[in-house]
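These notes are about the structure you will find just below.
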Amino acid sequence: MHLYVHVPFCARRCSYCDFAIAVRREVPSDLFADAVLREWAGWQDDPAWSRSPVVRTVYFGGGTPSRLAPRALGRIVERISRDRPLAPGAEITLEANPDDVSAERVAAWRAVGVNRVSLGVQSLDPAVLRWMRRTHTAAQVPRAVELLRAGGIGDVSLDLIFALPAELERDWEADLAAALALAPEHLSLYGLTIEPRTPLARWLERGAIRPVDEHRYAREYLTAHQALEAGGFEHYEVSNFARPGRRARHNSAYWSRAPYIGLGPSAHSGLGDRRRWNRREWSAYARAVLAGEPAVEGVETLDAEALRLERLYLGLRTGTGLPVRQIPAGTVEEWVSQGWATVVDGEDPGGTRSAYGDADREPRVRLTVEGWLRLDALVSSLAAKT
């Protein structure tokens, strides 16, 4: 089993953000821990959960989890480990903003069990950070990495956003080089998307920016792939790169369809064919849970067709790929001839099983980086053929 805890609190909303966040000057850390632990208690009698007692990863995402008081993080981790055993060496990840990192905080995070930190860097260009409305400066990024290392957190991931509007004149190659110079164990790269009801959407509506065209998007994606693989990283999932042995175990659990529980506002859970999601807004979530009402806002059971499409999508978005037998006749040859896929023998070198859970060493189809650029279209085409 894997656990995700959504911490919604932020100092302010970034220009591109449409996540379920709550902007707060003062973070109600104890109230948050109370609510999450009340929800957690309700999971203990779930039949599916009782069959999977060991917790292998815990991921504090957001929002800005690094704004939560360490004592609240400690309460949550301690209660989880009291109710269910943590696997030896369990991965416990905290998302953090660089400006929240201090020697004191790193020591407190380590003391409560955090052993991996994902830094929301996004860019190391000062002008870009201001445009994004980030709360940190470029100078705070290397200092944050230094403090994490000195404090004993040896697994550091950096997030970067690419495909920004041309008006910013952002030097993507310089950002990549600066990130590589920090020697992280892991990097996650996300193409900018313009979501409704965000500042970015309003800027687009009034003509202040133009969306990036698909050619620039592809060029920056391919540039990142080449630079990071040359730097010793494995491109093991559409958006993720890791040094050997440093793949994100929590995120890999999603892609392999392992069972997971989400705690906190807007958090999702997946157990086999069951899906459920919580109330989105922090205030509504807290009121309900603390009043003894369910946190859940919606539930669904995936039918056979939905599960099949999920497996196709998850299998193709990772370096593990899909068994050749799952691809219609002729499609593999077409993809290979176009340079969108390759056929390989055996399991993924990183040891991650496919979304089908196949443990044998049969030939597999893996998308190339050019294929990943066409992932949605390829899955749609495949779904129509099978």
Exercise. With side chains defined as the heavy atoms from C-beta onward, is the minimum distance between Val55 and Ile80 less than 4.5 Å?
Worked result: yes
For this session: State yes or no: do Trp172 and Leu192 share one hydrophobic cluster built from I, L, V, M, F, W and Y residues joined by side-chain heavy-atom distances below 4.5 Å, directly or via other members?
Result: no
Exercise. What's the verdict on salt bridge (Lys or Arg N to Asp or Glu O under 4.0 Å) for Glu205 and Arg202, showing C-alpha distance, side-chain angles and the deciding distance?
Worked result: CA-CA 5 Å; Glu205 288 172 3; Arg202 294 192 291 272; over 6 Å; no
Exercise. Does the side chain of Ser269 reach to within under 4.5 Å of the side chain of Arg275, using non-hydrogen atoms?
Worked result: no
Seminar exercise, completed: In terms of heavy-atom contacts, Thr193 and Leu200 come closest through O-CD2, 4.0 Å
For this session: May I have the step-by-step check of salt bridge (Lys or Arg N to Asp or Glu O under 4.0 Å) for Arg257 and Glu310, ending in yes or no?
Result: CA-CA 9 Å; Arg257 299 191 69 251; Glu310 180 180 86; 2.6 Å; yes
Problem set entry | Pairing of Arg243 and Glu234 as salt bridge, 4.0 angstrom limit | no
Exercise. When hydrophobic residues are tied together by side-chain contacts of less than 4.5 Å, even through go-betweens, does Leu129 share a cluster with Trp203?
Worked result: no
Seminar exercise, completed: With Val145 as partner, the option from Val117, Val121, Leu119 fulfilling side chain to side chain contact (heavy atoms under 4.5 Å, CB included) is Leu119
Exercise. If you round to the nearest 0.5 Å, how far is CD1 of Ile261 from CG of Leu3?
Worked result: 6.0 Å
For this session: Check whether the ring centres of Phe162 and Tyr217 lie less than 6.0 Å apart, and answer yes or no.
Result: yes
Exercise. Any sub-3.5 Å donor-acceptor pair from His268's side-chain atoms to Gly262's backbone N or O?
Worked result: no
Exercise. Does the Glu362 side chain pair with the main chain of Val324, one donor and one acceptor, at a distance under 3.5 Å?
Worked result: no
Problem set entry | Flag side-chain contact, heavy atom, 4.5 Å: Val238 against Tyr221 | yes
Exercise. So, the side chain of Glu229 versus the backbone of Gln226: is there a donor-acceptor pair under 3.5 Å, distance only?
Worked result: no
Problem set entry | Backbone of Pro244 reached by a side-chain donor or acceptor of Arg247 within 3.5 Å | no
For this session: Specify the closest pair of heavy atoms between Pro8 and Trp282, including all atoms of both residues, with the distance to one decimal.
Result: CG-CB, 4.0 Å
Seminar exercise, completed: Distance col, row Leu302:CG vs Arg308:CZ, nearest 0.5 angstrom, shows 13.0 Å
Problem set entry | Electrostatic pair Arg287-Glu281, nearest N-O below 4.0 angstrom | no
Exercise. Quick one: CD on Glu300 to CG on Asp273, what's the gap to the nearest 0.5 Å?
Worked result: 10.0 Å
Exercise. Between CZ of Phe32 and CG of Leu73, what distance do you get to the nearest 0.5 Å?
Worked result: 8.5 Å
Show me the side-chain donor-acceptor pairs of residues 14-28 shorter than 3.5 Å, one per line, residues at least two apart or across chains.
{"unit_1": "Ser15", "atom_1": "OG", "unit_2": "Trp131", "atom_2": "O", "d": "3.3"}
{"unit_1": "Tyr16", "atom_1": "OH", "unit_2": "Arg134", "atom_2": "NH1", "d": "3.4"}

For this session: Taking the side chain as every heavy atom from C-beta outward, state whether Tyr260 and Leu271 have any pair of such atoms under 4.5 Å apart.
Result: no
Exercise. Given side chains that start at C-beta, do those of Tyr313 and Arg317 come closer than 4.5 Å, heavy atoms only?
Worked result: yes
For this session: Find the distance between CG (Leu263) and CD (Glu39) and round it off to the nearest 0.5 Å.
Result: 4.5 Å
Exercise. Are the side chain of Ser380 and the backbone of Asp376 linked by a donor-acceptor contact shorter than 3.5 Å?
Worked result: yes
Problem set entry | Val336 and Thr342, any side-chain heavy atoms less than 4.5 Å apart | no
Exercise. Who passes salt bridge (charged side-chain N to carboxylate O under 4.0 Å, His left out) against Arg13, sequence neighbours left out?
Worked result: none
For this session: Would you mind checking if Glu370 and Arg374 are paired as a salt bridge, meaning a charged N to carboxylate O distance below 4.0 Å?
Result: no
Seminar exercise, completed: For Val289 and Ala295 the tightest heavy-atom approach is CG2-CB, 3.5 Å
Exercise. Where is the tightest heavy-atom contact between Asn278 and Gly264, given as atom of each residue plus distance?
Worked result: ND2-O, 2.9 Å
For this session: Quick one: closest heavy-atom pair of Gly63 and His6, and the distance?
Result: N-CE1, 4.1 Å
Exercise. Can you tell me how far the OG atom of Ser252 sits from the NE2 atom of His2, to the nearest 0.5 Å?
Worked result: 9.5 Å
Problem set entry | Pairs flagged by side chain to side chain donor-acceptor pair (under 3.5 Å) wherever residues 174-190 is involved - sequence neighbours left out | Ser123-Asp175, Arg149-Glu185, Ser157-His186, Arg170-Asp175, His186-Tyr236, Ser188-Asn240
Exercise. Taking the six-membered ring for Trp, are Tyr59 and Tyr4 parallel (under 30°), tilted (30 to 60°) or perpendicular (over 60°)?
Worked result: parallel
Problem set entry | Derivation of the ring pair (Phe, Tyr, Trp, His ring centres under 6.0 Å) call for Trp372 and His225 | CA-CA 11 Å; Trp372 274 338; His225 170 81; 7.7 Å; no
Problem set entry | Cationic N near anionic O, under 4.0 Å, Arg56 to Glu91 | no
Exercise. With the 4.5 Å side-chain cut-off for hydrophobic clustering, are Val141 and Met132 part of the same group?
Worked result: no
Exercise. Are the side chain of Arg84 and the backbone N or O of Gln44 linked by a donor-acceptor pair below 3.5 Å?
Worked result: yes
Exercise. Do you reckon Leu290 sits in the same ILVMFWY cluster as Trp43, going by side-chain contacts under 4.5 Å, direct or chained?
Worked result: yes
Exercise. Given side chains that start at C-beta, do those of Trp109 and Pro70 come closer than 4.5 Å, heavy atoms only?
Worked result: yes
For this session: Apply the test side-chain hydrogen bond (donor to acceptor under 3.5 Å, both in side chains) to residues Asp99 and Thr135: give CA-CA distance (whole Å), side-chain angles for both, the deciding distance (0.1 Å), then the verdict.
Result: CA-CA 7 Å; Asp99 49 313; Thr135 58; 3.0 Å; yes
Exercise. Can you find a pair of side-chain heavy atoms, one from Trp340 and one from Leu378, that are under 4.5 Å apart?
Worked result: yes
Exercise. Does a donor on one side chain sit under 3.5 Å from an acceptor on the other, for Arg311 and Gln326?
Worked result: no
Exercise. What pairs of residues pass the side chain to side chain donor-acceptor pair (under 3.5 Å) test when at least one of them lies in residues 63-77, not counting sequence neighbours?
Worked result: Asp30-Arg71, Asp34-Arg75, Ser66-Asp100
Seminar exercise, completed: Closest non-hydrogen contact found for Pro165 with Val212 is N-CG2, 3.8 Å
Seminar exercise, completed: With sequence neighbours left out, the residues meeting side chain to side chain contact (heavy atoms under 4.5 Å, CB included) with Ala139 are Thr137
Exercise. Which residues pass the salt bridge (charged side-chain N to carboxylate O under 4.0 Å, His left out) test with Asp83, sequence neighbours left out?
Worked result: Arg79
Exercise. Linking I/L/V/M/F/W/Y whenever any side-chain heavy atoms sit under 4.5 Å apart, do Leu164 and Leu222 land together?
Worked result: no
Exercise. Between Thr198 and Glu195, is there a donor-acceptor pair closer than 3.5 Å when you use the side chain of the first and the backbone of the second?
Worked result: yes
For this session: Assess whether salt bridge (Lys or Arg N to Asp or Glu O under 4.0 Å) is satisfied between Glu297 and Arg280, documenting all intermediate values.
Result: CA-CA 8 Å; Glu297 182 175 71; Arg280 177 179 171 86; over 6 Å; no
Exercise. Does Ala72 offer a backbone N or O that forms a donor-acceptor pair with the side chain of Ser29 under 3.5 Å?
Worked result: no
Exercise. If you draw a 6.0 Å radius around CD in Glu173, do more than 12 non-hydrogen atoms from other residues or ligands fall strictly inside?
Worked result: no
Exercise. Between Asn115 (side chain) and Ala90 (backbone), is there a donor-acceptor pair under 3.5 Å?
Worked result: yes
